[in-house]
Engineer: 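Once you've had a glance at the structure underneath, I'll fire off some questions.
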Amino acid sequence: MAVKRSIQQKILLYILSVFVVFFTIALGYIITNSRKTILKETSEKTELIAENSAKEIERFFENNLMITRTLSQAFSIYQTLSPEVWQKLYLQMYMPVIEANPHIYILWDSWEYYGFVPGYTKEHGRILMYVLRDGDKFTSNVEERSMDGDPEHYGFFKNNEVDAVWEPYADVVQDGTRESLLMTTIASPIKIDNKFMGLIGVDVNLDFIQQLVSTVDLVEGGFAFLVSNSGIIAGHPEKSLVNKNINDIYPDEVEKHSLMERIQNAESFSISRYDEAGMYHTMVFA
């Protein structure tokens, strides 16, 4: 009787052992597949959010390009008026535009001297007119620029002669009346008979870009950042990283995944990385 019971116990133990093994394997399989499913769904959701957010930011810049493009086309008749008339008139016309667009920090233009000063033969030298937002107040001014040559950003735009969003830069303050801020410029050229005569630009403080990026609604633990064509961080939840290059922040990923080439080719892609603590991350670019 005791032998029979011992055999039954061994059989039961064997069955239970096999069940535990199969249960463990099944549970591991379910957990692994659940994890893969969650990661897949999270990645797909993040890719969709990145794509939609990129389109929203694209629309923001396109809307501002519409402002500069419209003004540059309208103001191309300036040579039919005296300089005193069109300079005063255009500054007056800027006021309602900047008032209606609170994200614009400065609305400005630039006019090459060779386009309106009789006998002027140099390819540089211009006046700059602007309306500046200072809280709820606005100030305007006319300044002389580029008398010894064009600065890098302006010269690049002048040579390309196309609508453009400039790379982030520190605003140039020549009169010392305000602090230099990190900006991006959205600008359109003024051309007459296919010759560059000047441009219309709006400056947007990078703080506004930061606010724009912070509204991106990602999954818990995720964050969004905006990177320019040359790799400059234009918006990031860690403010100390703004205006740094992505190569300085993610050097291994830049080299391993050819990030700069893919960004400049306007690719949409995702990569995986581990941080210094061994945590797994997915980065999605759109």
Side-chain angles (χ1 to χ4, degrees), residues 61-166 169 171-178 180-181 183-205:
F61 286 111
E62 283 289 348
N63 290 339
N64 284 275
L65 273 172
M66 186 64 67
I67 293 173
T68 58
R69 190 178 297 130
T70 300
L71 290 174
S72 69
Q73 292 170 354
F75 289 178
S76 63
I77 65 167
Y78 77 103
Q79 290 179 328
T80 64
L81 305 170
S82 68
E84 295 78 13
V85 171
W86 62 259
Q87 290 174 20
K88 181 179 179 180
L89 175 63
Y90 292 173
L91 278 175
Q92 290 174 342
M93 293 177 67
Y94 292 153
M95 194 62 68
V97 177
I98 193 171
E99 286 178 342
N101 294 275
H103 62 276
I104 296 178
Y105 176 60
I106 306 176
L107 199 164
W108 60 280
D109 58 29
S110 184
W111 306 88
E112 296 289 335
Y113 276 145
Y114 59 66
F116 69 93
V117 176
Y120 194 87
T121 58
K122 294 180 180 179
E123 286 298 312
H124 55 79
R126 58 192 170 99
I127 64 165
L128 174 118
M129 306 193 302
Y130 65 82
V131 176
L132 166 71
R133 182 188 301 277
D134 184 11
D136 296 330
K137 299 178 181 179
F138 300 92
T139 58
S140 61
N141 199 13
V142 179
E143 300 176 1
E144 195 173 62
R145 296 284 181 94
S146 299
M147 298 311 296
D148 297 320
D150 294 317
E152 181 181 359
H153 280 88
Y154 182 83
F156 181 82
F157 182 92
K158 183 176 177 178
N159 291 329
N160 282 272
E161 300 182 10
V162 294
D163 296 333
V165 178
W166 296 11
Y169 64 95
D171 186 28
V172 177
V173 182
Q174 294 190 343
D175 57 9
T177 57
R178 52 189 171 87
S180 178
L181 300 173
M183 314 289 296
T184 187
T185 291
I186 303 158
S188 297
I190 301 166
K191 299 173 71 175
I192 297 177
D193 297 329
N194 208 34
K195 182 175 177 62
F196 180 87
M197 295 295 182
L199 63 86
I200 308 291
V202 296
D203 287 356
V204 179
N205 189 335

Engineer: Any side-chain heavy-atom pair from Met93 and Tyr90 closer than 4.5 angstrom?
Structural biologist: yes
Engineer: Could you give me the CA-CA distance, side-chain angles and deciding distance for Phe157 and Thr185, then say whether side chain to side chain contact (heavy atoms under 4.5 Å, CB included) is met?
Structural biologist: CA-CA 11 Å; Phe157 182 92; Thr185 291; over 6 Å; no
Engineer: So, applying side chain to side chain donor-acceptor pair (under 3.5 Å) with Asp150, which one of Arg145, Lys158, His124 is it?
Structural biologist: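 In the set Arg145, Lys158, His124, the residue that makes a side chain to side chain donor-acceptor pair (under 3.5 Å) with Asp150 is Lys158.
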Engineer: If you round to the nearest 0.5 Å, how far is CG of Leu81 from NZ of Lys88?
Structural biologist: 13.5 Å
Engineer: Could you pull out the closest heavy-atom pair between Phe116 and Pro83, with the gap in Å?
Structural biologist: CD1-CG, 4.0 Å
Engineer: Using 0.5 Å steps for rounding, measure from the CD atom of Glu112 to the CD1 atom of Ile127.
Structural biologist: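 Going from the CD atom of Glu112 to the CD1 atom of Ile127 covers 10.5 Å.
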Engineer: If every non-hydrogen atom of Ala187 is compared with every non-hydrogen atom of Trp166, which pair is closest and at what distance?
Structural biologist: CB-NE1, 4.0 Å
Engineer: Can you confirm whether more than 12 heavy atoms, excluding those of Met95, are under 6.0 Å from its CE atom?
Structural biologist: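 More than 12 within 6.0 Å, yes.
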Engineer: Looking only at the side chains, is there a donor atom on one of Ser146 and Tyr113 sitting less than 3.5 Å from an acceptor on the other?
Structural biologist: no
Engineer: Where is the tightest heavy-atom contact between Phe75 and Ile200, given as atom of each residue plus distance?
Structural biologist: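 Heavy-atom minimum between the residues: CD1-CD1, 3.8 Å.
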Engineer: Taking it one step at a time, do Val131 and Ile104 satisfy side chain to side chain contact (heavy atoms under 4.5 Å, CB included)?
Structural biologist: CA-CA 10 Å; Val131 176; Ile104 296 178; over 6 Å; no
Engineer: Between Trp111 and Trp86, how do the two ring planes meet: parallel, tilted or perpendicular, split at 30° and 60°?
Structural biologist: tilted
Engineer: Hey, could you give me each pair passing side-chain hydrogen bond (donor to acceptor under 3.5 Å, both in side chains) that has a residue in residues 62-78? Not counting sequence neighbours.
Structural biologist: Asn64-His103, Thr68-Ser188, Arg69-Asp163
Engineer: Taking all non-hydrogen atoms of both residues, which atom of Tyr154 and which atom of Gly198 are closest, and how far apart?
Structural biologist: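 It is OH-CA, 4.4 Å.
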Engineer: Is there side-chain contact between Tyr114 and Thr121, with heavy atoms separated by less than 4.5 Å?
Structural biologist: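 No, their side chains stay 4.5 Å or more apart.
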Engineer: Which pair of non-hydrogen atoms, one from Glu161 and one from Asn194, has the smallest distance, and what is that distance?
Structural biologist: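 Scanning both residues completely, I find the closest heavy atoms to be OE1-O, 4.2 Å.
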Engineer: Do Asp203 and Tyr130 come close enough that some side-chain heavy atom pair is under 4.5 Å?
Structural biologist: no
Engineer: Look at atom CZ of Phe61 and say whether more than 12 heavy atoms of other residues, nucleotides or ligands are closer to it than 6.0 Å.
Structural biologist: yes
Engineer: The test is side chain to side chain contact (heavy atoms under 4.5 Å, CB included); show your working for Tyr94 and Asp109 and say whether it passes.
Structural biologist: CA-CA 10 Å; Tyr94 292 153; Asp109 58 29; 2.6 Å; yes
Engineer: Give the C-alpha distance, both sets of side-chain angles, the deciding distance and a yes or no for side chain to side chain contact (heavy atoms under 4.5 Å, CB included) between Met129 and Trp108.
Structural biologist: CA-CA 6 Å; Met129 306 193 302; Trp108 60 280; over 6 Å; no
Engineer: Can you tell which of Ile98, Leu107, Asn141, Ile106 makes a side-chain contact (heavy atoms from CB on, under 4.5 Å) with Leu132?
Structural biologist: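 It is Ile106; the other options fail the test.
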Engineer: Can you establish whether the number of heavy atoms outside Asn159 located under 6.0 Å from its atom CG is more than 12?
Structural biologist: yes
